[in-house]
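Some notes on the structure that comes next.
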Amino acid sequence: MRVSRLMLVTLRDDPAEAEIPSHKLLLRGGYMRRVASGVYAYLPLLWRVLSKISAIVRQEMDATGALETLLPALQPASLWERSGRWQGYTAGEGIMFHLVDRQERSLGLGPTHEEVITALAADLLRSYRQLPVSLYQIQTKFRDEIRPRFGLMRGREFIMKDAYSFHADEADLRLTYERMDQAYRRIFSRCGLRTVAVEADSGAIGGSASQEFMVTADAGEDLILSSADGRYAANQERACSLPEPAVPLVCATAEAVELHTPGQHSIEALCAAHGFEPSQTVKVLLLLARCALGQARVVLVSLRGDQQLNPTKLANAVSGALGESAGALLELEPITPEQIHLEGLPAWPLGCLGPHLGDEWLAGARSWQPTVLRLADATAAELEVFVCGANRPDTHLVGARWSALGGPRPIVADLRSAQPGERCLQDPAQRLESSRGIEVGHIFQLGRKYSQVLEATFTNEQGLDEPLWMGCYGIGVSRLAQAAVEQHHDQHGICWPVAIAPFEVIVVVASAQDPVQVALGERLHDELEQAGLEVLLDDRSERAGVKFKDADLIGIPWRVVVGRGAASAQVELVERASGTKCDLGAKEVVTLLREHITAARLGLTATQSS
RNA sequence: CGGGGCGUGGCGCAGCUUGGUAGCGCGGGUGCUUUGGGAGCACUAGGUCGCAGGUUCGAAUCCUGUCGCCCCGACCA
């Protein structure tokens, strides 16, 4: 391929719209253009990269025995209503693009395909004899992200590989899940990425176990907590740790004593004024949970004063406590004084709330359920004696005990956010370290969540119908491409790993005016192509410097410079990533590159942990 | 959606405070010179200053509204 025919437009300045290196480089290198917020045109060079990633994904998925398929992006609302996700995905902060057709039918553009695939499974899978089976597709997904960001990192239209597996029992699901785990490690490694596998929250997809694959990079949106030996790694929203022990509170009396605390509405203020340690206190957070079905519910969370709430863990705990009858949890936000007022309730002593806040405070509420949902983090529940709000203005209790506070006991759960520096659960001798990551893959054991609601059953060996066991497995193909740039670039531009580079070699003719150089450049290009390599020939009548700059920017792994030595058939070979150069004859260069590149194509050189 | 910022030739920006009929660098075209790390000179094309109202003799500039984009939070491959 000739660069002059490539429609290559590179930019000298960083585009104003880009913030992180990979985004800037993909725009500057002529790989893509923004069409709308979170919507990008993949230009020919990028499409080659995406195709190569897809090819690797296909090989590895095929090797697991999965079958490639292609499901519709346009999906009927009725299907999503059956799974109970239509509301959650379209109302409020839902991310599903949806529309109404000329027959007034509601449709959505697929953000994911559990519904479609499960309905198909219900139709096609009838007997345990057909199981297990896995299907996958590489397809454009649509998600109306609340905030699209960083180019391909969080687009509203993006390319994803999603796979779904179906099983007769949970043990078989685990086998495929493990196989997918291994396939994922090979895929990322072959793409030249350094990744970490971490324990993850299952989020809106649901299910039990799930694991994310993170490309380690400072620009990553996720915080990873891991042990130094790499045996434990988790997304912070999921991570667990050993909290520091609480400082015991010494009390003279067995009874709690009231303390006048004017204006001391925060743990810091309270502790500063009276010399308490935050770990001796219990703080109370009030939130309002809105679900797809039923009235809003007040949620009261008790946390040890020195701990931070983990919103993901809380949302999971609230969903679990409310049960399926409430439908999907749509919103869980702190309650404001205005909301309390609008409910027609008297003002609450916010800032002095205690875990024993009674349901009587909700009497007469206009639209809220009349009972409080009480949750407590284990660190708070374990405190024997503590300081907490007295549910009266400017008053706290010193020496409070759960037994003496009375009222309904809270549900105890892990609600705290693990922090870097805390001790690992598995090995208290190690401390959690933090790093940033870009999530490029996520695998889930869905269990029977979707098969039950969509009635996807099969007949087992005993002749009885039961719901299918399911797993699902995603890779952000377009995100992976940008993550690769984020991990492989320098001040001059991109340094693509050979396995996913748009071209493997670029032959730069230093002087397009020199017929000898042109002739040798053409010949080398042809010979390299005949050797099975993917070759660019920079035949533009630009100065050599321009071509070198562009070659560095677009990041072709190998550069062959046809210049001064052309008359004696001598060329220069430059490796992009390392910058190492050597002069050699035109014949040797073909042999050498064929060896290097055919070996590197398979990838499997990148390191991987956990 | 809340908070912050930006919309001026293809790209990056200045001009706006203090209204007076639009400029710089890069890029494009032509010519000459140059030719191994984003060349020099000359000529040239290209902009209803996001859009819509308003104020004014006069608006890129002031006011109102609106649309779009980016950044910080909730979401996720």
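Quick note on labels: first sequence line is chain A, next is B, and so on, each numbered from 1.
A heavy-atom distance below 4.5 Å is found between the side chains of A:L152 and A:Y42.
Note on A:V561: a base of the nucleic acid sits closer than 4.0 angstrom, heavy atoms only. Using a 4.0 Å heavy-atom criterion, one finds that A:E145 contacts the bases of the nucleic acid, with or without backbone contacts as well. A:G563 comes within contact range of at least one nucleobase, with a heavy-atom separation under 4.0 Å. A:R33 comes within 4.0 angstrom of no nucleic acid atom, judged by non-hydrogen atoms across all strands. Across all strands, A:P148 comes closer than 4.0 Å only to sugar-phosphate atoms, never to a base (heavy-atom distances). Looking at heavy-atom distances under 4.0 Å, A:R156 makes no contact with the nucleic acid at all. A:E331 comes within 4.0 angstrom of no nucleic acid atom, judged by non-hydrogen atoms across all strands. Using a 4.0 Å heavy-atom criterion, one finds that A:T112 contacts no nucleic acid atom at all. Using a 4.0 Å heavy-atom distance criterion, A:D514 is classed as making no nucleic acid contact. At a threshold of 4.0 angstrom between heavy atoms, the contacts of A:V546 include nucleobase atoms, whether or not backbone atoms are also involved. As judged by a 4.0 angstrom heavy-atom cut-off over every strand, A:Y473 is placed among residues making no nucleic acid contact. As judged by a 4.0 angstrom heavy-atom cut-off over every strand, A:D552 is placed among the base-contacting residues.
Proximity note for A:A510 (side chain, C-beta onward) versus B:A74, B:G36, B:C76: the nearest is B:G36. The side chain of A:D222 sits closest to B:C76 out of B:C13, B:C69, B:C76. In this structure, the nucleotide among B:A77, B:C70, B:G12 sitting nearest to the side chain of A:P15 is B:G12. Taking the side chain of A:R564 as heavy atoms from C-beta on, and the options B:C71, B:G36, B:G25, the nearest nucleotide is B:G36.
Residue A:D218 qualifies as open at atom CG: its count of foreign heavy atoms under 6.0 Å is 12 or below.
With ring centers used as reference points, A:Y450 lies 6.0 Å or more from A:W80. Aromatic pair A:Y473/A:F444: ring centres not closer than 6.0 Å.
Base pairing analysis places B:G68 opposite B:C6; the two distances defining the Watson-Crick or G-U wobble pair are each below 3.5 Å. A 3.5 Å limit on both hydrogen-bonding distances identifies B:G54 as the Watson-Crick or G-U partner of B:C62.
RNA chain B is contacted by both A:E19 and A:G545; A:G545 maps to the nucleotide lying nearer its 5′ end (nearest heavy atom per residue). Nearest-nucleotide positions on RNA chain B place A:G38 closer to the 5' end than the other of A:R143 and A:G38.
OP1 or OP2 of B:C72 has at least one side-chain nitrogen or oxygen of A:R149 nearer than 4.0 Å. Between A:R147 and B:C75 there is no side-chain polar atom (N or O) within less than 4.0 angstrom of OP1 or OP2. Phosphate contact (OP1/OP2 of B:A39, side-chain N/O of A:R543, threshold under 4.0 Å): present. A sub-4.0 Å separation between OP1 or OP2 of B:A77 and a side-chain N or O of A:S478 is absent.
B:C11 atom P lies 15 Å from atom CG of A:D14, rounded to whole Å. To the nearest angstrom, P of B:C75 lies 14 Å from NE2 of A:H442. Across the protein-nucleic acid pair, A:H23 atom NE2 and B:C11 atom P stand 14 Å apart, rounded to whole Å.
The main-chain N or O of A:Q307 is found under 3.5 Å from a side-chain atom of A:K283 such that the two form a donor-acceptor pair.
Ring geometry for A:H98 against A:W86 counts as perpendicular: the plane angle is over 60°, on a 0 to 90° scale with 30° as the lower cut.
Side-chain to base pairing of A:R28 with B:G27: no donor and acceptor N or O lie closer than 3.5 Å to each other.
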